[in-house]
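Only this structure's heavy atoms are used, side chains among them; waters, hydrogens and symmetry mates stay out. Labels below follow one simple rule: chain letters A, B, ... track the order of the sequence lines, proteins then strands, and each chain is numbered from 1.
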Amino acid sequence: MLIDRERLAEISRAFGKELVELERAIYRAAGTDFNLNSTPQLRSVLFEKLQLPTLKKTKTGASTDYEVLEQLAAMGHEVPKLLIEYRELSKLKSTYVDALPGYVNPTTGRIHTSFNQTGAATGRLSSSDPNLQNIPVRTPRGEAIRRAFVAPPGAVLLTADYSQIELRLLAHLSGDPAFVEAFAQGGDIHRQTAAIIFGVPQDQVTPEMRARAKTINFATIYGQGAFALSRQLGITLDEAKEFIRQYFARFAGVRAWLDRTVAAAREKGFVETIFGRRRYIPELRDRNFNVRAFGERTATNSPLQGSAADLIKIAMIRIDRALAEQHLGARMVLQVHDELVFEVPEAEQTSASELVKRHMETAAELRVPLVVSTGVGRNWVDAKG
DNA sequence: CATAGTTGCCAC
DNA sequence: AAACGTGGCAACTATG
Ligand SMILES: Nc1nc2c(ncn2[C@H]2C[C@H](O)[C@@H](COP(=O)(O)OP(=O)(O)OP(=O)(O)O)O2)c(=O)[nH]1
Ligand SMILES: [Mn+2]
Ligand SMILES: [Mn+2]
């Protein structure tokens with residue numbers, strides 16, 4: 001994968017400057033200098049020196065994670081407010097902006113990640129050294145980093161991402177009438193949920209709203225409790241309970257499939273993907289309730305996450321073969337779970353897009369259509385547009 | 001000096 | 001009583 005090192009260097013300078021300023025502001029607001037990257041030191045400043053309330057605990061003491069800082073900031077405290085900003089910048093700078101250039105191979109001028117075939121228990125690939133499956137995109141600063149992933153001269157990047165992939169697989173496996181009907185009509189359940197949560201018509205759902213609804217959909221399906229949901233949505237516990245109740249009333253076929261899947265897993269000791277990949281789940285027979293409950297959530301997730309992994313692997317094999325047979329110059333460069341990224345000679349844009357989309361959408365024939373959206377651009381962000 | 005555990009957080 | 005799932009990595013701290 002080619003990256004624009006000048007662009008990253010520019011971002012590094014900008015982030016570095018902001019970090020220095022934030023650091024000074026935090027020391028001033030806290031009335032003391034300390035290592036901002038040290039959780040123990042931060043704890044003593046927030047919860048001892050400044051006497052702020054402990055809102056959450058970890059194994060070793062008071063938590064200082066984002067959710068805690070956000071609440072403290074909302075109470076009008078300056079240090080946590082500045083720290084949220086500091087955390088974002090420091091995470092992006094240390095993990096991506098400053099780390100990625102060191103991975104560029106001097107011979108090829110590119111970053112060569114490792115895709116691990118047995119990295120995930122569900123059948124997903126994982127990526128390491130560096131991980132190119134978790135490149136930032138969700139914040140403006142993150143997006144700027146992703147823009148440094150570029151095509152070489154004369155080529156474009158082509159991206160292809162499955163629409164609502166695990167929801168479609170869930171429609172197929174569960175046969176839930178509302179799910180199946182939604183997809184038959186070309187509907188968008190993430191958008192539907194967003195409209196409900198935010199109380200707006202579907203055509204007024206923003207990308208940010210849909211993204212939040214995506215998390216809500218998956219978290220609800222995979223067993224999130226009302227307590228966590230209430231926190232995530234900033235609603236009361238009762239409202240959260242009611243949301244979950246209504247969700248599974250609307251999608252009763254989904255609830256039934258989840259229950260059946262857990263029961264079958266308990267019986268057999270494993271769950272299976274659509275294509276027969278198994279994951280054994282010994283936790284289901286554990287004496288400890290917490291361990292068993294964890295096993296149950298794993299049992300519901302793995303068939304879906306694993307089927308999505310199987311599906312894209314089938315597509316990858318067919319695309320690889322088709323590109324070779326047709327003597328195309330397009331090269332598969334990344335897989336990000338339900339997305340493929342290619343370097344494509346400009347002249348092949350249209351034909352490669354069509355070929356990739358077709359093979360991904362026909363990798364399996366399900367009860368609902370598989371839909372893939374493709375895009376091309378000079379960098380990874382523009383290629384998703 | 002190297003290694004392991006913890007915390008926190010990026011993505012899908 | 002309650003806990004979405006799957007990963008990898010940086011920084012810090014404790015231990016050897
Ligand atoms: N359990 C869980 N799974 C997730 C989460 N985020 C993503 N996934 C899984 C399920 C998704 O179908 C799959 C691909 O992620 P995407 O970001 O492409 O979302 P999806 O395909 O559902 O929607 P899309 O139409 O592409 O925007 O990864 C999450 O927060 N929790
Ligand atoms: Mn997708
Ligand atoms: Mn995706």
Measure from the side-chain heavy atoms of [X] and tell me the nearest of [options].
| X | options | value |
| --- | --- | --- |
| A:Tyr222 | B:dG8, B:dT7, C:dC4 | C:dC4 |
| A:Thr95 | B:dC12, C:dA10, C:dG7 | C:dA10 |
| A:Val336 | B:dC12, C:dG7, B:dT7 | B:dC12 |
| A:Arg124 | C:dA11, C:dC12, C:dG5 | C:dG5 |
| A:Leu92 | B:dC10, C:dG5, B:dC9 | B:dC10 |
| A:Asp65 | B:dA11, B:dG8, B:dT6 | B:dG8 |
| A:Tyr66 | B:dG8, B:dC9, C:dC12 | B:dC9 |
| A:Gln224 | C:dT6, C:dC12, C:dC4 | C:dC4 |
| A:Phe294 | C:dC9, B:dA11, C:dG5 | C:dG5 |
| A:Lys59 | B:dC10, C:dT6, B:dT7 | B:dT7 |

From [atom1] of [X] over to [atom2] of [N], roughly how many Å is that when rounded to an integer?
| X | N | atom1 | atom2 | result |
| --- | --- | --- | --- | --- |
| A:Ile135 | B:dC12 | CD1 | C1' | 13 Å |
| A:Leu19 | C:dA10 | CG | P | 16 Å |
| A:Ile111 | C:dC9 | CD1 | P | 13 Å |
| A:Phe115 | B:dC12 | CZ | P | 14 Å |
| A:Leu233 | C:dC4 | CG | C1' | 13 Å |
| A:Leu132 | B:dC10 | CG | P | 17 Å |
| A:Leu36 | B:dT7 | CG | C1' | 16 Å |
| A:Leu42 | C:dA10 | CG | P | 21 Å |

**Request:** For residues 254-264 of chain A, pull every pair meeting side chain to side chain donor-acceptor pair (under 3.5 Å), keeping only residues two or more places apart or in separate chains.
**Result:**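 As it turns out, the side chain to side chain donor-acceptor pair (under 3.5 Å) pairs with a partner in residues 254-264 of chain A, which skip direct neighbours, are A:Arg255-A:Asp259, A:Trp257-A:Thr261.
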
Check whether any side-chain N or O of [X] sits under 4.0 Å from OP1 or OP2 of [N], and answer yes or no.
| X | N | value |
| --- | --- | --- |
| A:Ser128 | C:dG8 | no |
| A:Ser38 | C:dT13 | yes |
| A:Thr60 | B:dT7 | yes |
| A:Ser63 | B:dG8 | yes |
| A:Arg297 | C:dG5 | yes |
| A:Gln133 | C:dT6 | no |
| A:Arg87 | B:dC9 | yes |
| A:Asn116 | C:dG7 | no |
| A:Asn37 | C:dC12 | yes |
| A:Ser127 | C:dG7 | no |

For [X], report the nucleic acid contact type (base, sugar-phosphate, nothing); a contact means any heavy atom under 4.0 Å.
| X | value |
| --- | --- |
| A:Arg141 | nothing |
| A:Ser90 | nothing |
| A:Gln305 | base |
| A:Thr220 | nothing |
| A:Phe218 | base |
| A:Ala309 | nothing |
| A:Thr215 | base |
| A:Arg138 | base |
| A:Arg146 | sugar-phosphate |
| A:Glu88 | nothing |

**Message:** Just by distance, no angles: are the side chains of A:Asn134 and A:Tyr96 close enough, under 3.5 Å, to form a donor-acceptor pair?
**Reply:**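 Yes.
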
**Message:** Does the plane of the ring in A:Phe179 sit parallel, tilted or perpendicular to the ring in A:Phe251? Use 30° and 60° as the thresholds.
**Reply:**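 Aromatic pair A:Phe179/A:Phe251 classed perpendicular.
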
**Message:** Using only modelled atom types and a 3.5 angstrom limit, is any donor from either the side chain of A:Lys91 or the base of B:dC9 paired with an acceptor on the other?
**Reply:**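 In this structure, the two groups form a donor-acceptor pair.
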
**Request:** Can you tell me which residue pairs pass the salt bridge (Lys or Arg N to Asp or Glu O under 4.0 Å) test with a partner in residues 299-316 of chain A, sequence neighbours excluded?
**Result:**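 Residue pairs passing salt bridge (Lys or Arg N to Asp or Glu O under 4.0 Å), neighbours aside: A:Arg277-A:Asp310.
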
**Request:** Report the residue from A:Val333, A:Leu323, A:Thr159 that forms a side chain to side chain contact (heavy atoms under 4.5 Å, CB included) with A:Phe342.
**Result:**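 For A:Phe342, the side chain to side chain contact (heavy atoms under 4.5 Å, CB included) check succeeds only for A:Leu323.
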
**Prompt:** Only one of A:Val68, A:Leu69, A:Thr54 forms a side chain to side chain contact (heavy atoms under 4.5 Å, CB included) with A:Ser63, so which one is it?
**Reply:**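 One option only clears the test, and that one is A:Val68.
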
**Asked** Can you check whether A:Phe218 and A:His190 have ring centres sitting under 6.0 Å from each other?
**Response**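 So the answer is yes for these two rings.
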
**Message:** On DNA chain C, does the nearest nucleotide to A:Ala226 precede the nearest nucleotide to A:His337 from the 5' side, or the other way round? Give the residue.
**Reply:**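 Looking at DNA chain C, the more 5' nearest nucleotide goes with A:Ala226.
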
**Request:** Please confirm whether the backbone N or O of A:Pro136 pairs with a side-chain atom of A:Arg146, one donor and one acceptor, at under 3.5 Å?
**Result:**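 Judged by distance alone, yes, a pair lies under 3.5 Å.
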
